[in-house]
Amino acid sequence: MRMDGTIAELAGKHENFYLYDEKSIIERTGILKENFPSVDFLYSVKCNSDHNVVRSVFSQGLGADAASFGEVILSERCGLSKDRIYYSAPGKTDREIEGAVGRCVLIADSLSEIERIRRIWPGAEIGVRINPDFTFRGEGGVPSKFGIDEKELMSVLPGIEKDVHIAGIHVHIKSQELNSDALLRYYRSMFALAGRIEKGLGHGLDFINMGSGIGIPYAPGDSELDLAGLGKAVEGMIEEYNHPGTKVIIETGRFAVGKCGTYVTHVVDRKVSCGKTFVILKNTMNGFVRPSLARLVAKYSPERYPASTEPLFTGVDAFGFVAEGEGQEKVTLMGDLCTAADVIAEDVIMPKLSTGDTVMITNAGAYAAVLTPMQFSSQGPVPQLFLTSDGRILE
Ligand SMILES: *Cc1c(COP(=O)(O)O)cnc(C)c1O
């Protein structure tokens, strides 16, 4: 990515900011719709809940994967009808369930939650989140805080349907998968699971929500998934499944918006200490936390992709640092916080940087502003700006 006129102009007005590009959102969601024409996509609001971003994604026809009651309300305010909002999260309180009544498709996360829904919302048509008897890599379930173990659910069907109707299933067991074969094996397992559940229930399902999994390249060595091939295979599975009344759903956060965002900041100082050159940037750990988390994880974990670190950590080289200028030098990029953990890149080659220069960080569209501890050190929140496809800047 290069620094274009829009970024340079905005960098003249703001010390630091996020810029989200609507063209990128339209392009990325378009790729999904084109390759998976029979699939209904939901946007995982938790990855970026900026209202301009959410409205833009919804305007492309995606529904909402709401991870909290707050996201149900946000999705409603951004124009979605209740049948397009799916609320799935572990540990919902009674108050959250009461609030959700008549507002969304509620996905129960445990058997005790089904009991509570039955009491609070009798007659509800719900989904159930399942912890299946398979993983992305093969057979056999693993312990999880998410969903109801498949075996346990099967053992209570169909009696569990008293006063609630199970209209669909939801599974999400992995994010950021870049191996097509693993995704295909998972999708195949999902259709087989749906068949077992329908048999146990004695009726068909209105929806099969297969969660996310579709990854995006972050590091220079990552490659883009073959979505044309993947889409074709999924279309084949849907045809073979042959339940025209059943909606097949895939959720996505990062694929839709991960590439649409750039974090822009400035050099505020530089110094050489004991022979090492430090370039100090405005608000890094407390502006866009993931690059400094990546350094932290890399320092303490010998694995390249340690398990269960998503979405806090994706990979060591997941972000690009872009600046323009003459020459080259090896520097360590640090933020301006009073902690030594505020390191975003160590011993990287950059053009010669001086105070006032602009630095952009890539891949800042998903799990970026939403995860960042912006209250830390009382530095103030970072503006989140939105570039519309016709060239306007919204705040
Ligand atoms: C976070 C989340 C997603 C989104 O994952 P991405 O890797 O951003 O696509 C989808 N489904 C569920 C249930 C999630 O919790």
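Basis for what follows: all heavy atoms, side chains included, without hydrogens, waters or symmetry-related copies. Counting starts at 1 for both ligands and their atoms, in listed order. Given the structure is predicted, the values throughout are model-derived calculations rather than measurements.
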task: Output the list of atoms in ligand 1 that are nearer than 4.0 Å to some heavy atom of T252, sorted by atom number.
output: 9 (O)

message: If you measure every N or O of G253 against every N or O of ligand 1, does any of those distances drop under 3.5 Å?
response: yes

field: CA sep, side-chain torsions, deciding dist, call: E113, K92, salt bridge (Lys or Arg N to Asp or Glu O under 4.0 Å)
entry: CA-CA 8 Å; E113 198 177 293; K92 301 179 199 73; 2.6 Å; yes

Could you pull out every donor-acceptor pair under 3.5 Å between side chains of residues 194-205 and any protein atom, sequence neighbours left out?
{"residue": "R196", "atom": "NE", "partner": "E150", "partner atom": "OE2", "Å": "2.7"}
{"residue": "R196", "atom": "NH2", "partner": "E150", "partner atom": "OE1", "Å": "3.4"}
{"residue": "R196", "atom": "NH2", "partner": "E150", "partner atom": "OE2", "Å": "3.0"}
{"residue": "E198", "atom": "OE1", "partner": "Y241", "partner atom": "OH", "Å": "3.3"}
{"residue": "E198", "atom": "OE1", "partner": "H243", "partner atom": "NE2", "Å": "2.9"}
{"residue": "E198", "atom": "OE2", "partner": "L205", "partner atom": "N", "Å": "3.1"}
{"residue": "E198", "atom": "OE2", "partner": "Y241", "partner atom": "OH", "Å": "3.1"}
{"residue": "H203", "atom": "NE2", "partner": "E161", "partner atom": "OE1", "Å": "2.9"}
{"residue": "H203", "atom": "NE2", "partner": "E161", "partner atom": "OE2", "Å": "3.1"}

Ignoring hydrogens and angles, write down the donor-acceptor pairs under 3.5 Å from the side chains of residues 218-225, residues two or more places apart or on other chains.
{"residue": "Y218", "atom": "OH", "partner": "R254", "partner atom": "NH1", "Å": "3.1"}
{"residue": "D222", "atom": "OD1", "partner": "Y305", "partner atom": "OH", "Å": "3.4"}
{"residue": "D222", "atom": "OD2", "partner": "Y218", "partner atom": "N", "Å": "3.0"}
{"residue": "D222", "atom": "OD2", "partner": "A219", "partner atom": "N", "Å": "3.0"}

- request: Check F255 against ligand 1 and report side chain, backbone, both or neither, counting heavy atoms closer than 4.0 Å.
  value: neither

message: What protein heavy atom lies closest to atom 5 (O) of ligand 1? Include the residue and the distance to one decimal.
response: S175 OG, 3.2 Å

- prompt: If only atom types and distance count, is the side chain of N48 paired as donor or acceptor with the main-chain N or O of G365 below 3.5 Å?
  reply: yes

Residue part near ligand 1, for C47, under 4.0 Å between non-hydrogen atoms: neither

- prompt: Would you say E395's side chain and P383's backbone share a donor-acceptor pair under 3.5 angstrom?
  reply: no

- prompt: Using a heavy-atom cut-off of under 4.0 Å, does the side chain or the backbone of E310 touch ligand 1, or both, or neither?
  reply: neither

task: Fit a plane to each ring of F136 and Y186, take the angle between them on a 0 to 90° scale, and name the class: parallel (under 30°), tilted (30 to 60°) or perpendicular (over 60°).
output: parallel

- request: Do me a favour and list the nearest non-hydrogen protein atom to atom 4 (C) of ligand 1 with residue, atom name and distance?
  value: S44 OG, 3.2 Å

- prompt: Does E177 pair with R137 as a salt bridge, N-O distance under 4.0 Å?
  reply: yes

message: Students should be able to answer this: which protein heavy-atom is nearest to atom 6 (P) of ligand 1, and at what distance?
response: S212 OG, 3.4 Å

query: Which is closest to atom 14 (C) of ligand 1 by heavy-atom distance: R129, K46, M210, E251?
result: K46

- request: Using a strict cut-off of 4.0 Å, indicate which atoms of ligand 1 neighbour a heavy atom of H170.
  value: 13 (C)

query: Can you tell me the protein heavy atom closest to atom 8 (O) of ligand 1 and the distance?
result: Y367 OH, 2.6 Å

query: With backbone taken as N, CA, C and O and side chain as the heavy atoms from C-beta onward, which portion of H172 lies under 4.0 Å from ligand 1: side chain, backbone, both, or neither?
result: side chain

statement: Per side-chain contact (heavy atoms from CB on, under 4.5 Å), L281 is matched among V268, D336, I344 by I344

